[in-house]
Each structure stands twice: as C-alpha cells, then as structure tokens.
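Written below as structure tokens is the structure these notes are about.
Because only heavy atoms are used, hydrogens play no part in the values below, and waters and symmetry mates are left out as well, while side chains stay in. All of these numbers come straight from a predicted model, not from anything done at the bench.
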Amino acid sequence: MSDGTFQSPVGTHDVLGPESRLWEGVIATFAQWAYRYGFSLVISPLFEDVGVFHRGIGEASDVAKKEMYVFEDRGGRRLALRPEGTASVVRAFVQHHPTTPWRAWYVTPAFRYERPQAGRYRQHHQLGVEVLGSDDPAIDVEVIALAERFYRAIGLRRFRLHVNSMGHAACRGAYVEVLKVYLAQHVDELCDEHQKVWSVNPLRVLDCKKAACVVVTVAGPQLPDYLCDACREHFAAVTQGLNAIGIDFAVAPRLVRGFDYYTRTTFEFSSDALDAAQNALGGGGRYDQLAEQLGGEPTSGIGFGSGIERLLLARHAEGEGEALLKRTVDVFVVDTTGEDLATKLVDDLRVQGFAVARAYDQRSMKAQMKLADRSGARLALLVGPQERARGEVTIRDLRSADFEQTQASVARDAVVDAVIQRLLK
RNA sequence: GUGGGCGUAGCUCAGUUGGUUAGAGCGCCAGGUUGUGGUCCUGGAGGCCGCGGGUUCGACCCCCGUCGCUCACCCCA
C-alpha cells in the first residue's frame, strides 16, 4: 500500500481480540504446566551477539545461513534477532551460573527471514523449556511429557510423537563416516539438490522428504545401530520412561533436527490435522555440547520449543477452541442519569472481583441495553433518574426469559451484596 | 530466492461484451417504543475499486509496472 498509511511488515501480523483470547489461553496454560513441572520463567533479550546463534545452531544450518535478521548497532556490534529460543537461554545460563539442574521456561517471538506461507511467518512465537546441568534420562522424559501434557491441555488430540537418539560426538561421528561412504555409493540416486550438497552435512539427507532420498536412506545405515553403549543405554532409559507414564511414541531412526547442537535424545511432535508442509507442532532434544560451545563449562541440557501459531492452527484444524473466543463480563452497568453514577458502581464491583463493563458517551437506555446484551453479561444494573431519586439500582437478569418478573430494585448500599448473591450462588 | 492465485465498505463478497449516480449480507449508528437487550420494520453513516502509469470518447473491468496478501517449492515452528 502506498497511500500514506503503514501496515505490519511482510510476514508479521497483529493479533487483536477476540482472537488474542486464544493466545492468552495457550500461554496461561503453558505457564501453569511449566510451573507444575518446576520451571521458572526466564526473560532474555530478543537480540544477541550474532555469534550466540552462529555457534549455537550451527553456521551451516539454513536458519543461520540465510534466514537470520543480522544488523549492526551504532556501536558497531554485530547483532541478530533470535531465530529460536534455546541459544539465548543457554547463553544466559553460561553467563549467570544458576544452580543446577536449572529449569527455565520462556515465551518469545522468533525471527526468520523467509517467504511467508501457511503457518509460517517472519515473526512467529514460541514457547518452550530448557533444563541445564543434568543428563539424567528422567529429565528427557519429563520434558517430553510436559510438551505432551500441555498439548492435550489446550485441546489437541490428533498428533504423534517421534523420538530418536543422535548419539554423542564420538558415536555420531562414527555413524556420519559410515553414512558418507554409503551415500557416496548412491549419489546418483539422491534427489537433485542432495546430489550436489550431500557431503556438506550428510545428516540433512536423512531429513529430506523427496522420495528418491527416502528410498536411499531407508535402505542405508541407521543411526541407532551405531550408538555407543552409554548412548544406547540412555536412549533405552528414555523410551522406558515414556512407556512407564503411558506416552505414545514411535522411534524414528532418521529423525534429525535442523540445528547442529543436538545430541542424544531428539523428538518431534507432528499434527495429523495439518498438511505436511507445516505439521511440526514442536520439538526439541538434548544438547550436551551447547553450553561449552558458548564458552561455558561442559553442561548437558535439553529442551523443547513449540510454535504458538502452529498450535492454534492445529487446534483450529481439529475443530477445537472456537468456544474460547467469546469473552463475557459478569455485570454491565447502564447509567442514564448524566451524573456518571456508574463510575462508582463499576469501581465497587471490580474491586469485589467482578468483570464489569459499562457504556460511555451518554447513550440512550435502549442503546446501552443493546451493548449490555452483546457484552454477554449475566446481569445488567440500571441507574436512571428514578433510581437516583430513590437511592436504588435496578438489577435485571439478562439470561432469564421472563425478565419482567426477575427485575428488581435494591438500595444502592445493597447492590454489591445482591450481585454476589445472584452470581455466586 | 523461484513460481501460481488474488487486491472493491470495518468483515465476507457481487459487479454483465469497457458505458457515466459502484451494490448485497453481516457489523455499526439512529428511529419505530419520549426508561429496557436478545425478534421485527424503517432510515443513515461508511468506498481515491491497493498504488502509479498506459490504451480508450469513456476503465472497478483491458495492458504494463509496483506494493501487499495468499498458496506452493526449500526449510522449519
């Protein structure tokens, strides 16, 4: 638009009411579940030294290579807007040395420069958790369980969980060598793109959805077969733990995630209600090298992140959540005295804990009643010249069919009690 | 980064082979009911037809450009 007005930049969006109610619900639910699992909120800057992300997520990854918002500030510092949540949190851990195991949750925008499409934005929003300072498989289980329980709590049902282990540096390294040899023998069978770039990061080929690559990799060496004893035992403990608490999952030997920092446990939740192009609800895994890569002591960690837009998209696709859109108030105050008696009445009721709305601009009784109806209020309180003269307020039940009978006037001093009695009985 | 579809009222959309005052539904405001919502009736406000240029006697309509939205590829959340 070039008519002198502005609009939100490409790939970004404003969320207004009533849709924002859905966001409130999702975030509040996550905060509640994170609290249950012992996590504390961490708030960290939206931008970091670009090195935090380069060293964290890997310079070869698509996100670091071509999707980051990098800029220089007035002091000549090279900064980047966060493309994901984990690297910043680990940087904060390294900087502040909190006691371990440290359990943090976050909700944050994330920025990636890419062409927007369904379920994909330049600014999207993630919520997630990180645990640093222990490699106990019980923690892997808890992190996965939190994600699963949270998804169910917001109403999702049609999703599945895939888990895998990527091993640690040594056993994954050994696997990558074997994979390279295998891929070298089958180069001409790969998809067009990977025929050229497979050797840069052979693990990426496992992630390729093209039929050609899938055929080759399914028949090739599988990562779980190359795990060292320690990693194998760790993974067995994770799957055993998931079984113990009744969480359904499937082992996906070819599941590797987009960021380089993952080790051992990796997992992804995908929605069956969404198209494959954007069915990833969230995922995560263990990153036992990341703290060290960011200059800290070797510290193992694990976390997961989930996109809020995706969660809402998936829930919508499942036909859930629409009922949450309707916001209502408890009481609507109608005042036609011209003396603003509503101001005190509204304040009294809000202090008592009620959600209260009123009309403004001296509108007619009829117009105010119409607003009262649309507000979804259970009760309307009417103050007009008659009530003012008698020191009363008329209470009307907006939900009852025979409102003529249930309408009653009470003394101004008794209004709060009357409302309490009608709404809390 | 590459390609397809689409830009008309706050929202969802009509708009005939190019023809002069651009429409509907919903929403909003007011009145019918001089103090009473949910139904109904009547009226009203609200549009540089995304923006710029071109063709034409004449453009919402055709052409070019541009910006934006959207979908797909890639990758992800």
Closer than 4.0 angstrom, basic N to acidic O: yes or no for [X] and [Y]?
X	Y	answer
A:D340	A:R358	yes
A:R363	A:D361	no
A:E268	A:R160	no
A:R422	A:D417	no
A:R157	A:E318	no
A:D397	A:R378	yes

May I ask you to say what [X] touches in the nucleic acid, namely base, sugar-phosphate or nothing, with a heavy-atom cut-off under 4.0 Å?
X	answer
A:E387	base
A:K366	base
A:A372	nothing
A:L382	base

- Item | Residue list, side-chain contact (heavy atoms from CB on, under 4.5 Å) with A:E84, at least two apart or on another chain |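 Listed in chain order: A:I57, A:T86, A:A87, A:R112, A:F259, A:Y261.
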Is any N or O donor-acceptor pair between the side chain of [X] and the base of [N] shorter than 3.5 Å?
X	N	answer
A:E268	B:A77	no
A:Q117	B:C74	yes
A:R112	B:C76	no
A:Q386	B:G35	yes
A:Q368	B:U36	no
A:R374	B:C28	no

Is there a side-chain polar atom (N or O) of [X] under 4.0 Å from OP1 or OP2 of [N]?
X	N	result
A:R115	B:G3	no
A:Q126	B:A77	no
A:Q278	B:C76	no
A:R363	B:C29	yes

- Query: Quick one: A:R388 CZ to B:G35 P, roughly how many Å, whole number?
  - Reply: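 Taking atom P of B:G35 as the reference, CZ of A:R388 is at 13 Å.
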- Task: Starting from C1' on B:A77, measure out to NE2 on A:H125 and report it in whole angstrom.
- Result: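 Checked: the NE2 to C1' distance equals 12 Å.
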- Message: Regarding A:T394 and A:E387, do their side chains bring together a donor and an acceptor under 3.5 Å, going by distance alone?
- Response: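 Yes - a donor-acceptor pair under 3.5 Å links their side chains.
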- Task: Could you verify whether a donor N or O on one side chain and an acceptor N or O on the other, from A:S44 and A:R82, lie under 3.5 Å apart?
- Result: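 Side-chain D/A pair, A:S44 to A:R82: present.
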- Hey, which of these two, A:Q123 or A:Y113, hits RNA chain B nearer its 5' end, going by closest nucleotide?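 Upstream on the strand: A:Y113.
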- Query: Relative to the 5' end of RNA chain B, which residue comes earlier, A:T394 or A:L371, by the nucleotide with the nearest heavy atom?
  - Reply: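 The residue closer to the strand's 5' end, by nearest nucleotide, is A:L371.
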- Determine the stems involving RNA chain B; a stem requires 3 or more consecutive pairs of the Watson-Crick or G-U wobble kind, each with both distances below 3.5 Å, and the answer is none if no such run exists.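 Stems found: B:1-7 with B:67-73, B:10-13 with B:23-26, B:28-32 with B:40-44, B:50-54 with B:62-66.
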- Task: Return the orientation label for the A:F267 and A:F269 ring planes: parallel under 30°, perpendicular over 60°, tilted otherwise.
- Result: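 It falls in the perpendicular class, over 60°.
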- Message: Is the ring pair A:F30/A:W105 parallel, tilted or perpendicular, if the boundaries are 30 and 60 degrees?
- Response: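 Geometry flag for A:W105 against A:F30: perpendicular rings.
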Polar atoms only, N or O, under 3.5 Å: list the protein pairs with nucleotides 43-49 of chain B and their distances.
none

Rounded distance in Å between the [atom1] positions of [N] and [M]:
N	M	atom1	value
B:U16	B:A22	P	15 Å
B:A59	B:U17	C1'	14 Å
B:U66	B:C6	C1'	16 Å
B:C48	B:G5	P	27 Å

